[in-house]
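What follows is a single structure, written as structure tokens, with notes after it.
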Number of protein chains: 2
Amino acid sequence: MRIVTWNINSVRLRIDSVIRFLEEEQPDVLCLQETKCLNDQFPAKAFAKAGYEHMAVNGQKAYHGVATVARVPLTDHQPIEFCGMGDARHIAVTLPGGARLHNFYVPAGGDEPDPEKNPKFAHKLAFMEEMTKLFSKKKKEPRIIVGDLNIAPGEHDVWSHKQLLKVVSHTPVETDAMKALIKKGGFTDVARELTTEDEKLYSWWSYRAKDWAASDRGRRLDHIWVSEPLREAALAKGPQALKIHRDVRGWEKPSDHAPVSLDIDL
Amino acid sequence: MRIVTWNINSVRLRIDSVIRFLEEEQPDVLCLQETKCLNDQFPAKAFAKAGYEHMAVNGQKAYHGVATVARVPLTDHQPIEFCGMGDARHIAVTLPGGARLHNFYVPAGGDEPDPEKNPKFAHKLAFMEEMTKLFSKKKKEPRIIVGDLNIAPGEHDVWSHKQLLKVVSHTPVETDAMKALIKKGGFTDVARELTTEDEKLYSWWSYRAKDWAASDRGRRLDHIWVSEPLREAALAKGPQALKIHRDVRGWEKPSDHAPVSLDIDL
DNA sequence: GGGTAACTTG
DNA sequence: CAAGTTACCC
């Protein structure tokens, strides 16, 4: 089973790129974030035509929005509304075999990394707390957590640890919250586990850089985690099972995020 | 000498179409309206590269804006500000041989054809009055008036005289004002003069029509007039000297106006 | 830098 | 329907 997470930054604008990616990589399940459309605007026909007939969509107007599409059946679609904000940042489904797949778009958090001054940052921290509370329960459930979590937890998940310590996405309060969530949920951060501790890993490069590839000032914001019951399966195939599709960031009119994929026997 | 007038509806967006038209039709002078850009945003390099090195530009931000570009020298560039509105709706130049070429974008006039209720319509009528005043003087000057004048004066300058009598662009107060201007300025409306009185002539088709070509609900809003000293030269070459480039309206991502061209020996 | 939306103009 | 702006968000 191949599972992909990709912040697409408007699924309607980039549907052709998405279909191309599906054709080239043949994932079984694709988890999208920042779809930026209402559910009835979601390009369901294009996915169905490409063979991805199973969809769990949680969208809203203009902002955020997640969707999980698959060529295998998805059951028990369940969007959870975190922080009671009325926004569309999560959808869970059950995969064939019983694993529960959670697709997240965690709040970006604004510019100022101070929850007192910046309600967006407070929202981000509250969101992480709710996630932690949720995943501290039923830990024997086979879980896969994917999505744009908007935090690069490790020193080598950013191009410059020093220069980003006060930049939202890599501040200690965020990275600590993420590490606590991983620990309390009993999760394995698959990408980091399958690589050496000091290998630079990025899944996002700003649009603002002149030459994103040359300057390579990236951050690893997009994650695939598994709970304890799936740990062995996730690591069994070795490093080549986890791929960050950096080339896709260089396609025409790209999203600022690259897709991340995992091959796992479920 | 071939002279063209064309409401381009954003010169930056359609610069490729403009260059294609210049290459295909080889006009000597091109008068554009609704350039919709500031002078320093005008794509001067693209024109120069195509051989049109002489430019008289009068633009503003977002709205209106006119430009006259040529592969022959243009002297005495002079924008006139009509109605003291601070908008960019006119530029005059002198052509080799001495004819004065005035390029106009007359106000559209809004929806309601009542100057009491609709200040835009009042502005349009005031603009026509100022034009009339200006061109009632120095009538021995060889003049060419071109542009989007936003009025279809004759019964056969619209697809339905009856249905457009209360529609701005063809109301009696406007068509009368235009006829008075033609008369007082001693102008020849070249397109109408070179065709039979009852031939339908259009230069604009709304974007809103499903199939603009099939329904053919057009209006002749774009004009080329000459003053008395140029009348004979303008008519000398016969009907084929005046052309409405209807095919251009069918190009990819078109303006809603077609170019209108005149061949005249100056 | 690049999405979406609401607004204004034609 | 299709330009342009501004505002918001990432």
Side-chain angles (χ1 to χ4, degrees), chain A residues 7-15 17 33-38 41 59-65 85 87-89 105-112 118-121 123-124 148-151 167-169 204-212 215 217 219 221-222 249 252-257, chain B residues 7-15 17 32-38 41 59-65 87-89 105-112 118-121 123-124 148-151 167-169 204-212 215 217 219 221-222 249 252-257:
Chain A
N7 178 318
I8 194 59
N9 189 16
S10 176
V11 68
R12 286 178 294 173
L13 197 72
R14 268 178 266 285
I15 184 62
S17 293
Q33 302 88 37
E34 286 207 83
T35 51
K36 291 187 174 177
C37 65
L38 292 163
Q41 300 172 322
Q60 66 177 85
K61 196 182 196 174
Y63 301 115
H64 325 315
M85 299 282 285
D87 49 8
R89 297 181 174 275
Y105 177 56
V106 170
D111 283 330
E112 174 65 54
N118 174 10
K120 291 178 191 171
F121 195 72
H123 178 206
K124 185 176 194 173
D148 176 2
L149 308 186
N150 266 316
I151 297 174
V167 173
V168 171
S169 72
W204 173 87
W205 294 261
S206 169
Y207 281 125
R208 296 180 206 191
K210 294 189 181 201
D211 187 338
W212 69 273
S215 56
R217 300 188 168 189
R219 306 180 201 170
L221 304 179
D222 302 277
R249 177 62 177 81
E252 281 293 291
K253 278 258 169 200
S255 165
D256 45 352
H257 293 253
Chain B
N7 178 317
I8 194 60
N9 189 17
S10 176
V11 68
R12 286 178 293 173
L13 199 70
R14 267 178 269 285
I15 184 62
S17 294
L32 295 170
Q33 302 88 38
E34 285 208 84
T35 52
K36 292 188 174 176
C37 63
L38 292 163
Q41 300 172 322
Q60 66 177 85
K61 194 182 191 176
Y63 301 115
H64 327 315
D87 49 7
R89 297 181 174 275
Y105 176 58
V106 171
D111 284 330
E112 175 65 53
N118 174 10
K120 291 178 188 172
F121 195 73
H123 177 206
K124 184 176 193 172
D148 176 2
L149 307 186
N150 266 317
I151 297 174
V167 173
V168 171
S169 72
W204 173 88
W205 295 261
S206 170
Y207 280 125
R208 298 179 205 190
K210 294 187 183 205
D211 187 340
W212 70 274
S215 56
R217 299 189 167 188
R219 305 180 202 170
L221 304 179
D222 302 277
R249 177 63 176 79
E252 280 294 289
K253 277 258 169 199
S255 164
D256 45 352
H257 294 253

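Here is how names work: the chains are called A, B, and so on, in the same order as the sequence lines, proteins then strands, and each is numbered from 1. Any value given below was found using the heavy atoms of this structure, including those in side chains, with hydrogens, waters and symmetry copies removed.
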Starting from [atom2] on [N], measure out to [atom1] on [X] and report it in whole angstrom.
X      : N      : atom1 : atom2 : answer
A/D87  : C/dT4  : CG    : C1'   : 16 Å
A/Y207 : C/dG3  : OH    : C1'   : 7 Å
B/E34  : C/dG10 : CD    : C1'   : 6 Å

Test item: B/V168 and B/K124 side chains (from C-beta on) under 4.5 Å apart, heavy atoms = yes
Any B/N9 side-chain heavy atom under 4.5 Å of B/K36 side chain |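 A side-chain contact under 4.5 Å exists here.
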What residues form a salt bridge (Lys or Arg N to Asp or Glu O under 4.0 Å) with A/R219, not counting sequence neighbours?
->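 Expected list: none.
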How would you list, by chain and number, every residue that makes a salt bridge (Lys or Arg N to Asp or Glu O under 4.0 Å) with B/D256, sequence neighbours excluded?
->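 Salt bridge (Lys or Arg N to Asp or Glu O under 4.0 Å) list for B/D256, sorted by chain: empty.
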Contacts of A/D222 meeting side-chain hydrogen bond (donor to acceptor under 3.5 Å, both in side chains) (sequence neighbours excluded), chain-then-number -> A/S203, A/H257
Just jot down the side-chain hydrogen bond (donor to acceptor under 3.5 Å, both in side chains) partners of B/H123, sequence neighbours excluded, or say none.
->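 None.
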First contact, last contact: which nucleotides of DNA chain D are these for chain A, 5' to 3', heavy-atom distance under 4.0 Å?
->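 So the contact region on DNA chain D extends D/dC8 to D/dC10.
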Determine whether the side chains of A/N7 and A/E34 contain a donor N or O and an acceptor N or O closer than 3.5 Å.
->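 Yes, side-chain donor-acceptor contact under 3.5 Å.
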Of A/H257 and B/R14, whose closest DNA chain D nucleotide lies nearer the 5' terminus?
->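 Between the two, 5'-proximity favours B/R14.
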Under 3.5 Å, N/O pairs linking protein and nucleotides 5-9 of chain C:
| from | atom 1 | to | atom 2 | distance (Å) |
| --- | --- | --- | --- | --- |
| C/dA6 | OP1 | A/K61 | NZ | 2.8 |

Kindly give the heavy-atom pair with the smallest separation between B/R249 and B/W205, and that separation in Å.
-> NH2-O, 2.8 Å
